[in-house]
Amino acid sequence: MFKLKFKNKLKGGEIKMRKIFSSLVAFAFVITGVISPSFAAPGPSQSLGVSASVPAVAPEVDLTILEILDGDPDENPWTNSTEVTTSMSLDFGQLGHTYVDPADGETKDAKVWYSPILYAVILYAQGFGARYEIRSTCTGIGSIPNTNNYFRLTPAYSSGDEWSVGDPQGTQPPGSALGPDGNAISGTYRQIYTSETSPSTARIVQAYYSIPGYELDGSIPYTGWTGIPVEITPGSFVGNVTITIVAI
Amino acid sequence: MKKNLLFIGFILAFIILSFGTSEAINIIRVDQAKIRLSIAPGSTKAGSITIDNPTEQSKYIRAYLEDWYYLPSADGSKDFKPAGTTNLSCADWINFVPAEFTLPPFGRQVINYTVRVPQNAQGGRYAILFLEHTKAPGDSPVEGSGFGVAVRVGSLIYIEPEGTIERKAELLNPVIERESNDNDLIVSLDFQNTGNVDLTAGGSFDIIDKEGMVFARGEFNNVYTFPGEEAKFIGSWSLPLERGKYDLILTIDIGRALAETNMGKGPVIVKEAELEIGRKGEVVKVGDLK
């Protein structure tokens with residue numbers, strides 16, 4: 001009797017449980033169907049290959065030419081200079097052979113032809129990660145013999161030069177090198193700048209070109225300088241400077 | 001009034017802070033820094049180089065070949081000579097078009113070239129194709145006393161007649177110097193390109209004991225040589241070494257030029273020498289290279 005009563009109670013509860021259970025199963029099926037339309041067991045994972053390559057493009061160099069008329073006493077080409085925008089040239093104008101000595105204000109003979117104009121060629125170099133070098137060569141000016149050492153190239157680097165306002169390039173990288181100060185006309189291509197080893201970084205380099213006279217103290221401006229003698233035949237003299245950038 | 005002052009101040013600040021920046025004259029972009037081709041003697045191969053003008057100004061471009069060679073420093077620095085004037089020139093093997101063109105703003109130009117290798121060619125040959133941005137014909141010349149400025153980008157060309165290339169080198173005269181553990185240990189080694197092709201080489205040294213435990217390691221500089229040329233590897237180690245007998249292992253990869261242009265690897269030269277270090281860390285004895 002007890003069993004029957006109990007069983008009946010159980011049966012009622014059992015029915016109720018069965019209903020609950022069925023609901024849960026149905027719910028589980030619905031959820032599974034939403035998450036995974038397939039009721040098949042999950043298969044092995046798939047991997048997708050991804051590839052990309054960076055091409056070894058040639059290094060490139062952009063340039064800005066600044067004309068400096070005050071001798072660049074602060075060694076900053078960006079002050080008291082004018083950007084040359086009309087042509088890619090370094091026009092030193094009419095050369096002179098006299099100067100005003102600041103010590104006594106007297107006009108004196110420089111004993112050579114020279115130009116007070118200085119040009120800073122600002123080079124923006126990008127090696128795209130590969131090591132690169134920038135070199136300069138010059139054919140000399142017209143009929144002035146190249147045995148006369150008179151055209152100066154002075155490479156320089158400024159950590160304050162900026163790629164954009166407020167973005168200075170920072171210190172010169174270890175392993176990079178500037179070329180020496182000296183004659184721009186030589187038998188081999190003159191080094192302006194060689195980058196650090198790969199991966200190289202983009203850099204702003206300054207190359208000053210000038211036709212200097214003696215220093216105020218009478219010394220020569222750089223080793224080997226002889227200047228343009230005042231005895232040369234008058235006329236206009238033109239030449240070419242070629243700046244080369246190439247991968248190492 | 002305050003607003004006007006602020007505005008003027010802003011303008012002044014902008015002018016003052018425009019230090020060291022300027023609108024540069026963008027030049028041109030060339031899609032290949034180096035072209036290395038393996039071509040069977042008697043055969044011809046064609047290719048192309050693409051030049052882009054990323055600026056608003058049109059550019060007059062002159063394309064021409066020259067020779068190049070490594071400077072004695074062997075650090076990759078080069079000099080350039082007129083085409084066909086050096087012993088290892090391949091400038092005469094190369095034809096290309098066009099030689100002169102005007103790149104319009106944001107324009108592109110493809111230069112097509114062919115390389116014909118003579119039947120009897122052996123060993124590596126070299127040239128460079130320069131793309132020079134310069135004055136167009138008819139532009140006004142420089143007046144007074146002055147210099148025109150031309151800027152050029154070069155694509156280095158390396159031609160290897162297939163089946164004739166010997167990539168070989170000798171490692172000579174190892175010098176290991178150290179007075180004490182207070183100084184750097186310096187390892188230097190002579191390198192001689194004994195093959196018939198350019199070599200870009202680099203590597204490292206290891207100092208190990210008899211059990212193969214590494215006690216020191218250093219990298220050498222890369223060297224760049226043409227056939228027959230010599231260079232020097234230099235490496236250093238700054239940390240102390242205890243007294244004892246070691247082996248110096250030199251590993252030099254002479255195929256880095258191939259790896260650069262995805263043309264392969266190696267070969268790699270491995271040499272070793274016995275090394276004895278003294279009580280103060282000084283180098284006492286260096287054996288012969290084997």
Side-chain angles (χ1 to χ4, degrees), chain A residues 55-66 76 78 83 85 87-95 115 121-122 124 128 130-133 135 137-138 141-142 151 158 160-166 168 188-189 191 194 197 204 209 211 236-248, chain B residues 14 17-34 49-52 54-55 66 68 70-71 75-81 128-135 139-156 200 202 221-222 224 260-262:
Chain A
V57 298
E60 64 179 43
V61 64
D62 301 348
L63 65 83
T64 294
I65 301 175
L66 300 174
N76 180 355
W78 301 101
E83 186 175 341
T85 56
S87 65
M88 284 172 60
S89 62
L90 314 175
D91 183 3
F92 291 95
Q94 190 169 67
L95 304 183
S115 174
V121 178
I122 312 298
Y124 303 83
F128 298 103
R131 192 166 182 223
Y132 59 92
E133 57 179 338
R135 293 190 168 267
T137 190
C138 178
I141 302 183
F151 188 39
S158 170
D161 277 349
E162 298 180 334
W163 291 101
S164 57
V165 175
T188 56
Y189 282 67
Q191 178 195 21
T194 303
T197 54
I204 304 169
Y209 290 90
I211 304 177
S236 291
F237 305 103
V238 293
N240 282 299
V241 167
T242 302
I243 293 173
T244 299
I245 186 166
V246 68
I248 293 258
Chain B
F14 181 78
L17 290 173
S18 291
F19 172 91
T21 63
S22 182
E23 279 294 317
I25 307 172
N26 286 348
I27 309 299
I28 52 175
R29 292 197 175 137
V30 181
D31 72 335
Q32 293 173 75
K34 297 182 179 180
I49 296 173
T50 303
I51 301 97
D52 286 304
T55 76
E66 284 196 359
W68 66 273
Y70 289 122
L71 292 176
D75 60 356
S77 303
K78 301 171 192 59
D79 199 10
F80 309 101
K81 294 293 180 191
I128 184 166
L129 181 65
F130 279 122
L131 291 309
E132 182 176 302
H133 173 215
T134 186
K135 284 180 176 298
D139 278 1
S140 51
V142 176
E143 296 181 355
S145 295
F147 297 84
V149 176
V151 179
R152 62 184 190 178
V153 177
S155 285
L156 295 158
T200 300
N221 50 300
N222 277 355
Y224 301 77
E260 267 180 1
T261 48
N262 297 319

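Residue numbers begin at 1 in each chain, while the letters A, B, ... track the order of the sequences. Because the structure is predicted, anything quoted here is derived from the model rather than measured.
- In this structure, chain A has a heavy atom under 4.5 Å from the side chain of B:Phe130, while its backbone stays farther away.
- For the pair B:Arg29 and B:Val153, the minimum side-chain heavy-atom distance is 4.5 Å or more.
- For a residue to count as touching a neighbouring chain, one of its non-hydrogen atoms must lie under 4.5 Å from one of that chain's; by this rule B:Ser77 touches chain A with backbone and side chain alike.
- At a 4.5 Å heavy-atom cutoff, the contact between A:Ala247 and chain B is made by backbone and side-chain atoms alike.
- B:Leu71 touches chain A through its side chain: at least one heavy atom from C-beta onward sits under 4.5 Å away, while N, CA, C and O do not.
- With a 4.5 angstrom heavy-atom cutoff, B:Leu131 does not touch chain A via any of its atoms.
- The most heavy-atom pairs under 4.5 Å with chain A, out of B:Thr50, B:Asp75, B:Asn221, come from B:Asp75.
- When side chains are defined from C-beta on, A:Val121 counts as touching A:Leu90, because their heavy atoms get closer than 4.5 Å.
- The candidate with the highest count of non-hydrogen atom pairs below 4.5 Å against chain B, out of A:Gln191, A:Glu133, A:Arg131, is A:Glu133.
- For A:Ser89 (side chain) and A:Asp91 (main-chain N/O), no donor-acceptor pair under 3.5 Å exists by modelled atom type.
- If you measure heavy-atom distances from A:Phe151 to chain B, the contacts under 4.5 Å come from the side chain alone.
- Counting only distance, with no hydrogens or angles, the side chain of B:Asp31 and the backbone of B:Ile49 share no donor-acceptor pair below 3.5 Å.
- Heavy atoms closer than 4.5 Å to chain A are found in both the backbone and the side chain of B:Phe80.
- Ion pairing of B:Lys78 with B:Glu66 is absent here, as no side-chain N (NZ or NE/NH1/NH2) approaches a carboxylate O to less than 4.0 Å.
- Within the 4.5 Å cutoff, the side chain of A:Asn240 has no heavy atoms near those of the B:Phe147 side chain.
- For B:Gln32, there are no side-chain hydrogen bond (donor to acceptor under 3.5 Å, both in side chains) partners, not counting sequence neighbours.
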